[in-house]
**Q** 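Mind having a look at this structure? Questions to follow.
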Amino acid sequence: MTPPGHCRLILTRHAKSDWDDPTLPDHDRPLNDRGRRSARALGDWLASRGYDPEEVLCSSARRTVETWERVSEAVFETRPDLRLEPQLYHASPDVMLRVLQSATAPTVMMIGHNPGIAEFAAMLPARPPLSPEFRRYPTAATLVLDFQAASWAEVRSGQGSVLDFVRMDGRP
């Protein structure tokens with residue numbers, strides 16, 4: 001649960017996507033088996049730590065939507081509102097921040113793409129996590145941050161306190 005006067009962000013890069021069909025437009029690529037496993041594992045990890053999203057801001061790409069669908073199979077305390085945001089598809093950090101500042105729930109999950117999400121993750125915390133994987137922000141990587149802010153409109157870069165950073169690789 002997010003403390004009063006705080007906003008919590010769960011920032012997730014989509015899970016591993018499938019490249020088997022070269023004729024498929026990038027926006028329409030689904031998750032591969034490993035991606036489906038890692039997204040489900042991520043949902044279980046989030047639920048086990050009480051990181052329950054109340055609002056989900058998700059790129060409209062198939063792989064981000066499928067990532068959310070697998071994550072949402074976990075048993076969360078809440079059923080979040082899902083907002084598909086076409087502007088999050090390969091968004092820059094500035095666009096991601098603007099979308100985030102429009103959020104209304106105290107705990108928000110944002111699901112997007114590299115390279116923008118790695119850059120966005122790097123600019124948000126006052127001190128980044130020590131993980132060597134953080135700068136790369138691989139598929140299914142997730143950063144959990146708290147901001148001392150009454151609303152998302154007040155959130156700025158460099159203000160976040162890192163609670164967790166995890167990478168789910170979905171390997172059997």
Side-chain angles (χ1 to χ4, degrees), residues 1-2 6-19 26-85 88-91 93 96 99-100 103 105-125 128-147 152 160-172:
M1 182 178 235
T2 307
H6 285 71
C7 295
R8 178 167 294 162
L9 175 62
I10 303 163
L11 186 64
T12 300
R13 181 178 173 200
H14 65 80
K16 190 76 175 158
S17 59
D18 191 341
W19 289 86
D26 180 72
H27 191 272
D28 298 335
R29 281 190 295 115
L31 296 181
N32 65 16
D33 288 341
R34 186 174 120 199
R36 287 189 287 277
R37 283 191 305 273
S38 55
R40 177 56 206 254
L42 175 61
D44 292 341
W45 182 86
L46 291 168
S48 75
R49 283 161 176 73
Y51 298 142
D52 291 3
E54 297 166 287
E55 182 177 8
V56 177
L57 307 174
C58 184
S59 160
S60 58
R62 182 173 174 189
R63 60 191 176 274
T64 52
V65 173
E66 282 190 40
T67 297
W68 167 246
E69 288 169 354
R70 294 295 176 142
V71 165
S72 71
E73 291 173 2
V75 179
F76 290 111
E77 295 288 320
T78 60
R79 276 289 121 202
D81 293 327
L82 173 63
R83 278 179 36 198
L84 293 182
E85 294 284 348
L88 288 177
Y89 178 64
H90 291 297
M96 295 180 92
V99 171
L100 179 62
T107 303
V108 171
M109 182 175 202
M110 180 179 279
I111 306 172
H113 310 264
N114 255 353
I117 202 161
E119 295 167 14
F120 189 50
M123 70 183 244
L124 291 175
L130 297 176
S131 169
E133 293 292 318
F134 178 69
R135 288 278 179 209
R136 199 167 66 81
Y137 225 80
T139 54
T142 298
L143 176 67
V144 182
L145 294 159
D146 269 359
F147 296 89
W152 288 105
S161 298
V162 174
L163 298 178
D164 258 317
F165 175 73
V166 68
R167 174 192 176 196
M168 298 288 164
D169 70 7
R171 295 177 197 272

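On a predicted model such as this, the values are computed, not experimentally measured, just so you know.
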**Q** For Arg29 and Ser17, does a side-chain donor sit closer than 3.5 Å to a side-chain acceptor?
**A**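 Short answer, yes.
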**Q** Would you please test Val108 and Cys7 for side-chain contact (heavy atoms from CB on, under 4.5 Å) and show each step?
**A** CA-CA 8 Å; Val108 171; Cys7 295; over 6 Å; no
**Q** Could you work out, with side chain to side chain donor-acceptor pair (under 3.5 Å) as the rule, every residue matching Glu119, not counting sequence neighbours?
**A**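 Side chain to side chain donor-acceptor pair (under 3.5 Å) check on Glu119 returns nothing, list empty.
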**Q** Using every non-hydrogen atom in the two residues, find where Gly35 and Ser38 come nearest and quote the distance to one decimal.
**A**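 For Gly35 and Ser38, the tightest heavy-atom pair comes out as O-OG, 3.2 Å.
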**Q** Which of these passes side chain to side chain donor-acceptor pair (under 3.5 Å) with Arg63: Asp26, Asn32, Asp18?
**A**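 Passing option: Asp26.
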**Q** Which residues pass the ring pair (Phe, Tyr, Trp, His ring centres under 6.0 Å) test with Tyr89, not counting sequence neighbours?
**A**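 Tyr89: ring pair (Phe, Tyr, Trp, His ring centres under 6.0 Å) contacts with His27, His113.
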**Q** Any non-hydrogen side-chain atom of Tyr51 less than 4.5 Å from a side-chain atom of Trp45?
**A**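 Yes, side chains in contact.
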**Q** Is the shortest heavy-atom distance from the side chain of Arg13 to the side chain of Ile111 under 4.5 Å?
**A**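 No. Closest side-chain heavy atoms not under 4.5 Å.
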**Q** Taking all non-hydrogen atoms of both residues into account, name the closest pair between Phe134 and Pro128 and its distance.
**A**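 Result for this residue pair: CE2-CB, 3.7 Å.
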**Q** Do the side chains of Ile10 and Thr107 get nearer than 4.5 Å, heavy atoms only?
**A**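 SC-SC contact between Thr107 and Ile10 confirmed.
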**Q** Are the side chains of Leu11 and Leu124 in contact, using a 4.5 Å heavy-atom criterion?
**A**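 SC-SC contact between Leu124 and Leu11 confirmed.
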**Q** Looking only at non-hydrogen atoms, find the nearest pair between Ala15 and Thr67 and report the distance.
**A**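 What the structure gives for the nearest pair is N-OG1, 3.0 Å.
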**Q** Is there side-chain contact between Glu54 and Pro106, with at least one heavy-atom pair below 4.5 Å?
**A**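 Yes. Closest side-chain heavy atoms under 4.5 Å.
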**Q** Once you round to the nearest 0.5 Å, how far does CE of Met110 lie from CG of Leu57?
**A**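 Answer rounded to 0.5 Å: 5.0 Å.
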**Q** Looking at Pro53 and Thr78, what are the two nearest heavy atoms and their distance?
**A**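 Where Pro53 meets Thr78 most closely, the heavy atoms are O-OG1, 2.9 Å.
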**Q** Do Asn114 and His90 have side-chain atoms, one donor and one acceptor, less than 3.5 Å apart?
**A**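 Short answer, no.
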**Q** Can you name the nearest heavy-atom pair linking Gly116 to Pro93, along with the distance?
**A**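 Closest pair (atom of Gly116, atom of Pro93, distance): O-CG, 3.9 Å.
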**Q** Determine, step by step, whether Phe165 and Tyr137 satisfy the ring pair (Phe, Tyr, Trp, His ring centres under 6.0 Å) criterion, reporting the C-alpha distance in whole Å, the side-chain angles of both residues, the deciding distance to 0.1 Å, and the verdict.
**A** CA-CA 10 Å; Phe165 175 73; Tyr137 225 80; 5.7 Å; yes
**Q** Could you go through Arg167 and Arg136, starting from their C-alpha distance and side-chain angles, then the distance that decides it, and tell me whether this counts as side-chain contact (heavy atoms from CB on, under 4.5 Å)?
**A** CA-CA 11 Å; Arg167 174 192 176 196; Arg136 199 167 66 81; 3.6 Å; yes
**Q** Would you say Met96 and Leu88 make side-chain contact, with heavy atoms under 4.5 Å?
**A**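 A side-chain contact exists here, since the closest heavy-atom pair is under 4.5 Å.
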**Q** Within this structure, what is the CG-CD distance for the pair Leu31 and Glu69, rounded to the nearest 0.5 Å?
**A**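 Between atom CG of Leu31 and atom CD of Glu69 there are 9.0 Å.
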**Q** Which heavy atom of Gly112 sits nearest a heavy atom of Thr64, and at what distance?
**A**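 For Gly112 and Thr64, the tightest heavy-atom pair comes out as O-CG2, 4.0 Å.
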**Q** Would you say Thr139 and His14 make side-chain contact, with heavy atoms under 4.5 Å?
**A**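 Yes. Closest side-chain heavy atoms under 4.5 Å.
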**Q** Could Arg8 and Asp146 be called an ion pair, given the rule that one side-chain N must be under 4.0 Å from one carboxylate O?
**A**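 The answer is yes: the pair qualifies as a salt bridge.
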**Q** Look up atom CD in Glu55 and atom CZ in Arg83, then write down how far apart they are to the nearest 0.5 Å.
**A**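 Output value for this atom pair is 5.0 Å.
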**Q** Is it true that Arg70 and Glu66 make a salt bridge, defined as a side-chain N closer than 4.0 Å to a carboxylate O?
**A**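 Salt bridge: no.
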**Q** At what distance, to the nearest 0.5 angstrom, does CZ of Arg37 lie from CZ of Arg40?
**A**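 Arg37 atom CZ to Arg40 atom CZ measures 13.5 Å (nearest 0.5 Å).
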**Q** Using 30° and 60° as the class limits, which term best fits the ring planes of Trp152 and Phe147: parallel, tilted or perpendicular?
**A**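 Answer is perpendicular, since the angle exceeds 60°.
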**Q** Quick one: does any side-chain atom of Ser131 pair with a main-chain N or O of Glu133 as donor and acceptor, under 3.5 Å?
**A**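 Here the side-chain-to-backbone pair exists.
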**Q** Would you indicate whether the side-chain heavy atoms of Asp52 and Leu46 approach each other to under 4.5 Å?
**A**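 The answer is no, as the side chains (C-beta and beyond) never meet within the 4.5 Å cut-off.
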**Q** Look at Asp44 together with Arg49 and state whether they make a salt bridge at an N to O cut-off of under 4.0 Å.
**A**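 No salt bridge links Asp44 with Arg49.
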